[in-house]
Asker: 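The structure follows.
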Amino acid sequence: MISDSVRVRFAPSPTGFLHVGGLRTALFNFLFARNTGGRFILRIEDTDRARYVEGAVENLINTLHWAGLYYDEGPLVGGDFGPYVQSERIGIYKQHVDLLLEKGTAYRCFCTPDRLEAMRKEQEKNKLQPKYDRTCLRLSAKELADNISAGKPFVVRMKVPDDISVKFSDIIRGDVEFLSERVDDQVLLKSDGFPTYHLANVVDDHLMKISHVIRGEEWLSSTPKHVLLYKAFGWELPEFAHLPLLLNPDRSKLSKRQGDVAVEDYRDKGYLKEALVNFVALLGWNPGDEREIFSLAELEKEFSLEKVNKSGAVFNVEKLNWLNFQHLRRQTDGEVLSMLKAHLSKMSIDPSKFPDRYLLEVITAMRERVSFVKGFTEKSPYFFSPPEEYDPAVINKRWKPQSAEYLGELSEAFSKMSDPQKGDYEDALHRTAESLKVGNGELIHPLRLAVSGMGEGPGLFDIVSIIGKEETIRRINSAIERIK
RNA sequence: GGCGCUAUCGUCUAGUGGCCCAGGACGUCGCCCUCUCAAGGCGAAAACACGGGUUCGACUCCCGUUAGCGCUACCA
């Protein structure tokens, strides 16, 4: 046992945004930690100077927090095993590389990128596995010393043992075996003095007492390198769990170009964090029964690595939409109210023009009809301003030559009521229809068109009672003038 | 090309040798409800990749084939 308790980490490289696959990895680590009473650590893997993106770390942390994933140790909050940013740990990697150099399980390589490139091309041409040819392993002591004193740039490579079998057990996949013959003498330390992922990852996981390495399946193939490194250092192996990949609809690894991959994209489109988290949790994990709607707290309680499956999962937006609807309807009216106000402001509609009581009525009327908060303005703009135009298809279907006359009668009837309630409008309409000797539908449909401009929505009398008598009459008169 | 992983309805999945002529959910379609649209209810179509074994019995175990994906950098 590496540690008495579970310690897991999410170790993204700060490339500018949080990938939904990254969110899923972070979530599973987080859930596993919470479920087992362990600690969830955030470590920033920024060892590639070429990929440095300004502000990426802050953005990553913000997005993680937006999703409700708070880490116990990491940048900003600190911890006993810091620093948690790899670019601040360069000295540590250097020390460890020196250790391997002394032990002879690593060696300096002075080969130029050009030579390596040419070598690889040649190998590929001959259908050989691209692999470092160990030229620098055969350097004499004198050549080595000369190269060093000449200040020739070098990298440090791992010396992979010949002809052994590298085995490890993966919690999700079971026993996995690779032949060392197949693993390349991986670069551990780059010529700029920065470590590669493989080195930094192993050193940090060990030093930070990580008990379980939970990461994407794309790392499975390089795990033998890591296992060999642990052995070279004489360290105990953590547990490994390689998560199935998230896939595009065409089943390739989830990527841009085929849709949104940034968590921020989904947030900005109006998805609730509850829905996105729930959705991503279900990609590769299930509770073993038929429940599907989970809050983060419920997930923490239910999650286990044993129930994570092995095969990749397509990111299916349809189901995400449905989950958003499910979670939206689980929000309280008050929560929806404040989201609606924020949305109205975003749409340049001053929310203070509408009393809370009014907005709450709109929410009650529309709740079952929207999957997103933006649906309130998209599907029922008439609650926020009078219709600017009338749907021609509805006019065609519902507006008869006599409709204007009927609505005139109706408007007359409405105007005689004082402080009418929903039922009063209904009664008035029925009475008007009766005296006109027509079916209710002859009034209902044109009235809906007049007040909303469209042919669908909540119950007509709900709409009318929400917008009120004066406004209803105004809209009727306006429709009489404007339609046909 | 090599190595590795994976393989149940279109999609997410349940299923750990008999309970499965395979269950749920999204989506699709139909019906009911109904002033419209949703929601809701009911129902339908829809899958064990293929071939060998093992076994009294395979979706479940083993082998092979095929397919998909991943990795194969001084990226992570």
Side-chain angles (χ1 to χ4, degrees), chain A residues 11-15 45-48 50-51 109 111-113 116-117 120 123-124 126-131 153-157 170 172-173 176-179 181-184 186-198 200-201 215-224 242 244-245 247 249-253 279 282-293 309-323 325 329 366-371 375 379-380 394 397-398 426 429 439-445 447-449 452 454-461 463:
Chain A
S13 65
T15 51
E45 310 227 334
D46 59 343
T47 55
D48 186 0
R51 282 219 214 166
C109 171
C111 294
T112 63
L116 294 172
E117 176 84 4
R120 224 172 280 128
Q123 289 166 333
E124 268 172 49
N126 298 323
K127 293 198 182 325
L128 292 168
Q129 171 200 346
K131 201 175 154 192
F154 63 88
V155 300
V156 176
R157 288 180 182 276
D170 186 281
I172 293 167
R173 281 150 222 286
V176 185
E177 180 179 5
F178 289 80
L179 270 4
E181 190 55 30
R182 277 289 314 140
V183 356
D184 198 3
Q186 186 62 47
V187 171
L188 300 176
L189 199 68
K190 305 180 225 177
S191 56
D192 64 4
F194 276 66
T196 59
Y197 170 84
H198 307 289
N201 176 267
R215 69 213 328 182
E217 192 194 326
E218 68 266 34
W219 295 110
L220 190 62
S221 298
S222 37
T223 304
H242 287 93
L245 257 21
L247 273 22
D250 72 355
R251 304 204 75 83
S252 56
K253 184 171 155 184
F279 176 61
L282 257 17
L283 259 20
W285 173 88
N286 72 82
D289 54 40
E290 280 164 3
R291 290 170 299 160
E292 300 205 278
I293 313 295
N309 49 223
K310 311 172 209 276
S311 47
V314 172
F315 191 94
N316 177 220
V317 182
E318 297 287 347
K319 188 135 187 182
L320 208 207
N321 291 342
W322 176 75
L323 278 169
F325 172 66
R329 63 190 299 182
M366 290 301 293
R367 244 183 187 290
E368 299 290 299
R369 277 164 250 265
V370 300
S371 294
K379 293 193 168 177
S380 54
V394 181
K397 188 173 176 195
R398 306 291 195 186
E426 198 162 0
L429 184 137
N440 294 330
E442 294 297 312
L443 296 179
I444 286 177
H445 297 297
L447 177 56
R448 174 182 291 281
L449 181 63
S452 76
M454 44 181 76
E456 59 197 53
L460 175 63
F461 302 106
I463 299 178

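Computed from a prediction, not measured in an experiment: that's the story for all the values here. Below, chain A is the first sequence line, B the second, and so on; all start at residue 1.
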Asker: Of A:Lys310 and A:Gly441, whose nearest nucleotide on RNA chain B comes first from the 5' end?
Answerer: A:Lys310
Asker: Looking at B:A25, does its base get a donor-acceptor pair with the side chain of A:Lys319 below 3.5 Å?
Answerer: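 Side chain to base: pair found, below 3.5 Å.
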Asker: From CH2 of A:Trp322 over to P of B:G10, roughly how many Å is that when rounded to an integer?
Answerer: 20 Å
Asker: Mind checking if A:Ser191 touches a base, just sugar-phosphate, or nothing, with heavy atoms under 4.0 Å?
Answerer: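 Base contact - A:Ser191 has a heavy atom under 4.0 Å of at least one base atom.
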Asker: What nucleotide among B:C74, B:C71, B:C35 has an atom nearest to a side-chain atom of A:Arg157?
Answerer: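 For A:Arg157, the side-chain atoms sit closest to B:C74.
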Asker: Can you tell me the distance, in whole Å, between the NZ atom of A:Lys379 and the P atom of B:A38?
Answerer: 8 Å
Asker: Taking B:G68 as the reference, what is the distance to B:U8 when you measure between their P atoms (whole Å, please)?
Answerer: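 Looking at atom P only, B:U8 and B:G68 are 15 Å apart.
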Asker: Applying side-chain hydrogen bond (donor to acceptor under 3.5 Å, both in side chains), name anything that partners A:Asn321, two or more places apart in sequence or on another chain.
Answerer: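 Scan of A:Asn321 (side-chain hydrogen bond (donor to acceptor under 3.5 Å, both in side chains), adjacent residues dropped) gives A:Tyr271.
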Asker: When the C1' atoms of B:C69 and B:C42 are compared, how many Å lie between them, rounded to an integer?
Answerer: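 Result for the C1' pair: 40 Å, nearest Å.
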Asker: Tell me which nucleotide, if any, is Watson-Crick or G-U wobble paired with B:C33 when both distances must be under 3.5 Å.
Answerer: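 Answer to the pairing question: none, since B:C33 forms no Watson-Crick or G-U pair.
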Asker: How many Å lie between CZ on A:Phe315 and P on B:C26, as a whole number?
Answerer: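 Nearest whole value for this atom pair: 18 Å.
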Asker: Applying a 3.5 Å limit to both distances, which nucleotide forms a Watson-Crick or G-U wobble pair with B:A25?
Answerer: B:U11
Asker: Roughly how far apart, to the nearest Å, are B:C26 and B:A39 at atom P?
Answerer: 10 Å
Asker: Where is the tightest heavy-atom contact between A:Leu460 and A:Leu447, given as atom of each residue plus distance?
Answerer: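 That would be CD2-CD2, 3.8 Å.
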Asker: Between atom NE2 in A:His198 and atom C1' in B:C74, what is the gap in whole Å?
Answerer: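 The answer, rounded to whole Å, is 11 Å.
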Asker: Mind checking A:Arg251 for me? I need base, sugar-phosphate or nothing, with any heavy atom below 4.0 Å counting as a touch.
Answerer: sugar-phosphate
Asker: What does B:U55 pair with, Watson-Crick or G-U, if both distances are under 3.5 Å?
Answerer: none
Asker: Work out which heavy atom in A:Leu116 is nearest to a heavy atom in A:Cys111; give both atom names and the distance.
Answerer: CD2-CB, 3.9 Å
Asker: Check the distance between B:U11's C1' and A:Asn316's CG and give it to me in whole angstrom.
Answerer: 5 Å
Asker: Taking only the side-chain heavy atoms of A:Pro130 (C-beta and beyond), determine which of B:C5, B:A76, B:A73 contains the nearest atom.
Answerer: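 When the side chain of A:Pro130 is considered, B:A73 is the closest of B:C5, B:A76, B:A73.
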Asker: Would you indicate what A:Thr47 reaches in the nucleic acid, counting non-hydrogen atoms under 4.0 angstrom: base, sugar-phosphate, or nothing?
Answerer: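 Counting heavy atoms under 4.0 Å across all strands, the contact made by A:Thr47 is with sugar-phosphate only.
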Asker: Compare every heavy atom of A:Leu283 with every heavy atom of A:Ala313, then report the nearest pair and how far apart it is.
Answerer: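 Between these two residues, the closest heavy atoms are CB-CG, 4.0 Å.
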Asker: For B:A73, does either OP1 or OP2 sit under 4.0 Å from a side-chain N or O belonging to A:Lys190?
Answerer: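 No, because none of the side-chain N or O atoms of A:Lys190 sits under 4.0 Å from OP1 or OP2 of B:A73.
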Asker: Would you kindly compare A:Thr112 and A:Pro458 by the position of their nearest RNA chain B nucleotide and give the one closer to the 5′ end?
Answerer: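 With A:Thr112 and A:Pro458 compared, the 5'-side residue is A:Pro458.
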Asker: For A:Arg120, which contact category applies under a 4.0 Å heavy-atom criterion: base, sugar-phosphate, or nothing?
Answerer: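 The answer is sugar-phosphate, as A:Arg120 gets under 4.0 Å only of primed atoms, P, OP1 or OP2.
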Asker: Using purine N1 to pyrimidine N3 plus N6-O4 or O6-N4 for Watson-Crick, or N1-O2 and O6-N3 for G-U wobble, both under 3.5 Å, which nucleotide pairs with B:U60?
Answerer: none
Asker: Distance check: side-chain N/O of A:Asn309 vs OP1/OP2 of B:U13, anything under 4.0 Å?
Answerer: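 For B:U13, OP1 or OP2 has a side-chain N or O of A:Asn309 closer than 4.0 Å.
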Asker: Among B:A76, B:C74, B:C37, which is the nearest nucleotide to the side chain of A:Leu116?
Answerer: B:C74
Asker: For B:U6, give its Watson-Crick or G-U wobble partner with both distances under 3.5 Å, or none.
Answerer: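 Base partner found: B:A67.
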Asker: Is the closest side-chain heavy-atom distance between A:Asp48 and A:Ser13 below 4.5 Å?
Answerer: no
Asker: Quick one, A:Gln186 with A:Arg157, criterion side chain to side chain donor-acceptor pair (under 3.5 Å). Give me CA distance, side-chain angles, the key distance, then yes/no.
Answerer: CA-CA 5 Å; A:Gln186 186 62 47; A:Arg157 288 180 182 276; over 6 Å; no
Asker: Quick one: A:Asp250 CG to B:G68 C1', roughly how many Å, whole number?
Answerer: 10 Å
Asker: Measure from the side-chain heavy atoms of A:Ser221 and tell me the nearest of B:C71, B:C26, B:A39.
Answerer: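 Selected nucleotide: B:C71.
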Asker: Which label fits A:Phe279 and A:Phe315: parallel for a plane angle under 30°, tilted from 30 to 60°, or perpendicular past 60°?
Answerer: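 Rings of A:Phe279 and A:Phe315: perpendicular, over 60°.
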Asker: Holding to side-chain hydrogen bond (donor to acceptor under 3.5 Å, both in side chains), I want the full list of residues that pass it with A:Asn316, two or more places apart in sequence or in another chain.
Answerer: none
Asker: Rounded to whole Å, how long is the line connecting atom CD1 of A:Ile172 with atom P of B:U16?
Answerer: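 That distance rounds to 20 Å.
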Asker: Using 0.5 Å steps for rounding, measure from the CG atom of A:Leu189 to the NE2 atom of A:His198.
Answerer: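 Here the interatomic distance stands at 13.5 Å.
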Asker: Who does B:U16 pair with, Watson-Crick or G-U, both distances under 3.5 Å?
Answerer: none
Asker: What nucleotide among B:U11, B:C5, B:C69 has an atom nearest to a side-chain atom of A:Val314?
Answerer: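 Of B:U11, B:C5, B:C69, B:U11 is nearest to the side chain of A:Val314.
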Asker: With a non-hydrogen cut-off below 4.0 angstrom, is A:Asp48 in contact with a base, only sugar-phosphate, or nothing?
Answerer: sugar-phosphate
Asker: Below the 4.0 Å mark, does B:A14 have OP1 or OP2 next to a side-chain nitrogen or oxygen of A:Asn286?
Answerer: yes
Asker: Any idea which of B:C3, B:U36, B:A39 is nearest the A:Arg182 side chain?
Answerer: B:C3
Asker: Below the 4.0 Å mark, does B:A7 have OP1 or OP2 next to a side-chain nitrogen or oxygen of A:Arg173?
Answerer: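 No, no such contact exists.
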Asker: Please report the distance separating the P of B:C12 from the corresponding atom of B:G27, rounded so that it comes out in whole Å.
Answerer: 15 Å
Asker: If you look at every strand shown and take non-hydrogen atoms under 4.0 Å, does A:Phe279 touch a base, only sugar-phosphate, or nothing?
Answerer: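 Since no nucleic acid heavy atom lies under 4.0 Å of A:Phe279, the category is nothing.
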Asker: Taking the side chain of A:Val187 as its heavy atoms from C-beta onward, which of B:A39, B:G4, B:C74 lies nearest to it?
Answerer: B:C74
Asker: Check the distance between B:G24's C1' and A:Leu282's CG and give it to me in whole angstrom.
Answerer: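 Rounded to whole Å, this separation is 12 Å.
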Asker: Could you work out which one of B:G70, B:U36, B:C74 sits closest to the side chain of A:Pro113?
Answerer: B:C74
Asker: Base, sugar-phosphate, or nothing: which does A:Val155 touch, judged by heavy atoms less than 4.0 Å apart?
Answerer: base
Asker: Taking the side chain of A:Phe461 as its heavy atoms from C-beta onward, which of B:G1, B:A76, B:C35 lies nearest to it?
Answerer: B:C35
Asker: Quick one: label A:Gly455 by what it contacts on the DNA or RNA (base, sugar-phosphate, nothing), any heavy atom closer than 4.0 Å.
Answerer: base
Asker: Could you tell me how far B:U13 sits from B:G30 if I compare only their C1' atoms? Round to whole Å.
Answerer: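 Nearest-Å result for B:G30 against B:U13 at atom C1': 25 Å.
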Asker: Base, sugar-phosphate, or nothing: which does A:Leu245 touch, judged by heavy atoms less than 4.0 Å apart?
Answerer: sugar-phosphate
Asker: Reckon A:Pro244 touches a base, only the sugar-phosphate, or nothing at all at heavy-atom distances under 4.0 Å?
Answerer: nothing
Asker: By the 4.0 Å heavy-atom rule, please label A:Gly216 as base, sugar-phosphate, or nothing.
Answerer: nothing
